[in-house]
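Have a look at the structure below, then the notes.
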Amino acid sequence: MSTVPTGTVPTSPVGNTEAADADLLVHGGTVLTVDDSGTVLPDGAVAVRNGQIVAVGPADGLRAAHRAAEEIDATGCLVLPGLVNTHTHLAMTLLRGHADDVDLQGFLGRVVPRENALLSPEAVTAGLRLAVAESVRGGVTTALDMYWFHEAAERAARDAGWRLLSGPTFMDVPGPPDRMPYGNRMAWARRHLEDRSPSPGTRPVVFAHSAYTLDAAQLTDIAALAKEYGALLHLHAAENAAEVAMVRERYGKRPVELLESLGLLGPDTLLAHAVELTDTEIAALARTGTGVAHCPVSNLKLGCGIARVPELLRQGVRVGLGTDGSVSSNSLDMVAALGMAALVHKAGGDPTAVGAEQAVRMATIEGARALGLGGQLGSLEVGKRADLAVLDLGGAHLAPRHDPWSTLAYAARAGDVRDTVVDGRVLMRGRRLTTLDEAAVTGAAEAVVRSV
């Protein structure tokens, strides 16, 4: 992987250079394309039509070639692909601060009863809107969301113009928040998958919570359902040592060993966390093309440990970044997650374990690839969906700016994001949300929590 030096600018725009109308033109900033070559355009531009990127190149050329209905002047800013959150539970914003300073098992013991009392479609709608507001403020344009009442979450995200990947969740526990017996869940999930209206930049998803809340037969049936509909299969696995011990006691196998024995690993499977892995399990993930959603902040806060990300990357495993929910990480800040990913793996003594560019890629293109959407999301390239963030470089904490990868990984904050665009639609301009009333959203979430 080579990076084009900051001072190197292609002599002509990449993409359609014919004079044509555009819906949106973002120009004047340093464009960090995150393409395979690591192209950086110091005075670049991105042209958008019908939600799709139609040109990327030097600002002068694109401004001459495209008449835009709407423009964003990104002078003094960094223009980057929208951040991709590959594992979260968005409406858990309602429970932020409810289960701090406990391990994973203590966390579940506190959160599950509160969820059962609190959650409803209306509550999830309020929590989801709060999550979208926070995410858009931080330049996050896509999230993979495993949670209850996904239909309500999907409607709320769609109304806000935000990209959400969600779907039916399977978890065989007493009295789930949606009060649906496990025996009814397969038919319900099938109806959802059959009725789903496909849209660009998304795909169907089926969520199997984990090997400690589902038995082997259930996991096999859920995986078969996902395969039947070409869905991504997403589940928690090997989050901490206690989980590994629990699964091994039940099945005589570690979580990843069990999933491999059941045929659940593969390019359409994404594992959340994957902290406790052996060399053999890492090799199995690489061999099968299974992806991993790395959640460094949540893993540290719950005392789970540090995932073996450098080894996963060396073996060629697709690794994206996630925040987890706002209870186990307390925020949906993907800028913080990518910064942590660039730092925490150096604790072993190797400052090159995960570098700045690799961390940025995990938060963008590698996250998209882990979702099976690398051809549509994760980089600023012609033909991809127009998801991007404009990060203001004017703060004292960002000066001087020697390298955009370094600036983003080690110095930037979520609050530096000024504009966020999803599918060509500006969801935040000049730090003001355009599709959500932030005060109303915050008030509605507070009201839900106070009502129970």
Query - salt bridge (charged side-chain N to carboxylate O under 4.0 Å, His left out) against Asp350, all qualifying residues, sequence neighbours excluded - result: none
**Report entry** Side chain proximity check, Val421 to Ile72, heavy atoms < 4.5 angstrom
**Finding:** yes
Query raised in the report: Can we say Arg185 and Asp178 salt-bridge, meaning some charged N sits less than 4.0 Å from an Asp/Glu carboxylate O?
Result: yes
Report summary line: Here the ring-ring contact (aromatic ring centres under 6.0 Å, His included) pairs for residues 368-393, sequence neighbours left out, are none
Query raised in the report: Excluding sequence neighbours, so at least two apart, what forms salt bridge (charged side-chain N to carboxylate O under 4.0 Å, His left out) with Arg429?
Result: Glu70
Query - Asp23 bridged to Arg425 by N-O distance under 4.0 Å - result: no
Query raised in the report: Judged by atom type as modelled, is there a donor-acceptor pair below 3.5 Å linking the side chain of Thr86 to the main-chain atoms of Gly367?
Result: no
**Report entry** Where at least one partner belongs to residues 211-237, residue pairs that pass salt bridge (Lys or Arg N to Asp or Glu O under 4.0 Å), sequence neighbours excluded
**Finding:** Arg190-Glu228
Query raised in the report: By ring pair (Phe, Tyr, Trp, His ring centres under 6.0 Å), which residues pair with His192, not counting sequence neighbours?
Result: His150
**Report entry** Asp100: partners by salt bridge (charged side-chain N to carboxylate O under 4.0 Å, His left out), with sequence neighbours left out
**Finding:** Lys301
Query raised in the report: Under a 4.5 Å cut-off applied to non-hydrogen side-chain atoms, are Leu277 and Leu285 in contact?
Result: yes
Query - Gap separating the CD atom of Glu276 from the CG atom of Asn299, nearest 0.5 angstrom - result: 10.0 Å
**Report entry** Student check: side-chain heavy atoms of Leu193 and Val206 closer than 4.5 Å
**Finding:** yes
Requested in this report: Measure the spacing between CG of Leu95 and CG of Asn330 and express it to the nearest 0.5 Å.
Outcome: 11.0 Å
Query raised in the report: Can you tell me if Asp324 uses its side chain to pair, donor with acceptor, with the backbone of Ser298 under 3.5 Å?
Result: no
Query raised in the report: Would you say Arg413 has more than 12 foreign heavy atoms packed within less than 6.0 Å of its CZ?
Result: no
**Report entry** Summary of salt bridge (Lys or Arg N to Asp or Glu O under 4.0 Å) pairs that have at least one residue in residues 243-256, sequence neighbours excluded
**Finding:** Arg254-Glu281
Requested in this report: Could you tell me the separation between the OG1 atom of Thr125 and the CG atom of Leu130, rounded to the nearest 0.5 Å?
Outcome: 12.5 Å
Query - Pairing of Glu357 and Arg361 as salt bridge, 4.0 angstrom limit - result: yes
Query - Thr169 side, atom OG1; Leu235 side, atom CG - distance, nearest 0.5 Å - result: 11.5 Å
Query raised in the report: Going by an N to O cut-off under 4.0 Å, is there a salt bridge joining Arg96 and Glu134?
Result: yes
Query - Non-hydrogen side-chain atoms of Leu373 and Thr142 separated by less than 4.5 Å - result: no
**Report entry** Minimum heavy-atom distance Ala238-Val244, with the two atoms named
**Finding:** CA-CG2, 4.2 Å
Could you give the side-chain donor-acceptor pairs of residues 331-347 under 3.5 Å, partners two or more places apart or in another chain?
residue: Ser331; atom: OG; partner: Asp333; partner atom: N; Å: 3.2
residue: Asp333; atom: OD1; partner: Val335; partner atom: N; Å: 3.0
residue: Asp333; atom: OD1; partner: Ala336; partner atom: N; Å: 2.9
residue: His345; atom: NE2; partner: His294; partner atom: NE2; Å: 3.0
residue: Lys346; atom: NZ; partner: Ala342; partner atom: O; Å: 3.0
residue: Lys346; atom: NZ; partner: Pro351; partner atom: O; Å: 2.8
residue: Lys346; atom: NZ; partner: Val354; partner atom: O; Å: 2.9
residue: Lys346; atom: NZ; partner: Tyr410; partner atom: OH; Å: 3.2

Requested in this report: Tell me, please, which residues at least two apart from Tyr229 pass ring pair (Phe, Tyr, Trp, His ring centres under 6.0 Å).
Outcome: none
Query raised in the report: If you look only at pairs with a residue in residues 244-288, which of them pass as a ring-ring contact (aromatic ring centres under 6.0 Å, His included), with sequence neighbours excluded?
Result: His87-His273, His236-His273
Query raised in the report: Distance from Leu271 atom CG to Leu265 atom CG, nearest 0.5 Å?
Result: 6.5 Å
Query raised in the report: If we only count heavy atoms from C-beta on, is the Arg401 to Leu78 side-chain gap below 4.5 Å?
Result: no
Report summary line: Residues at least two apart in sequence or cross-chain that pass salt bridge (charged side-chain N to carboxylate O under 4.0 Å, His left out) with Asp387, listed by chain then number, are Arg163
Query raised in the report: Where do Gly38 and Thr33 come nearest, in terms of heavy atoms and distance?
Result: C-OG1, 4.5 Å
Report task. Only counting residues at least two apart or in another chain, list the ones meeting ring pair (Phe, Tyr, Trp, His ring centres under 6.0 Å) with Phe207. Result -> His234
Query - Residue pair Leu128 / Tyr147, side-chain heavy-atom distance below 4.5 Å - result: no
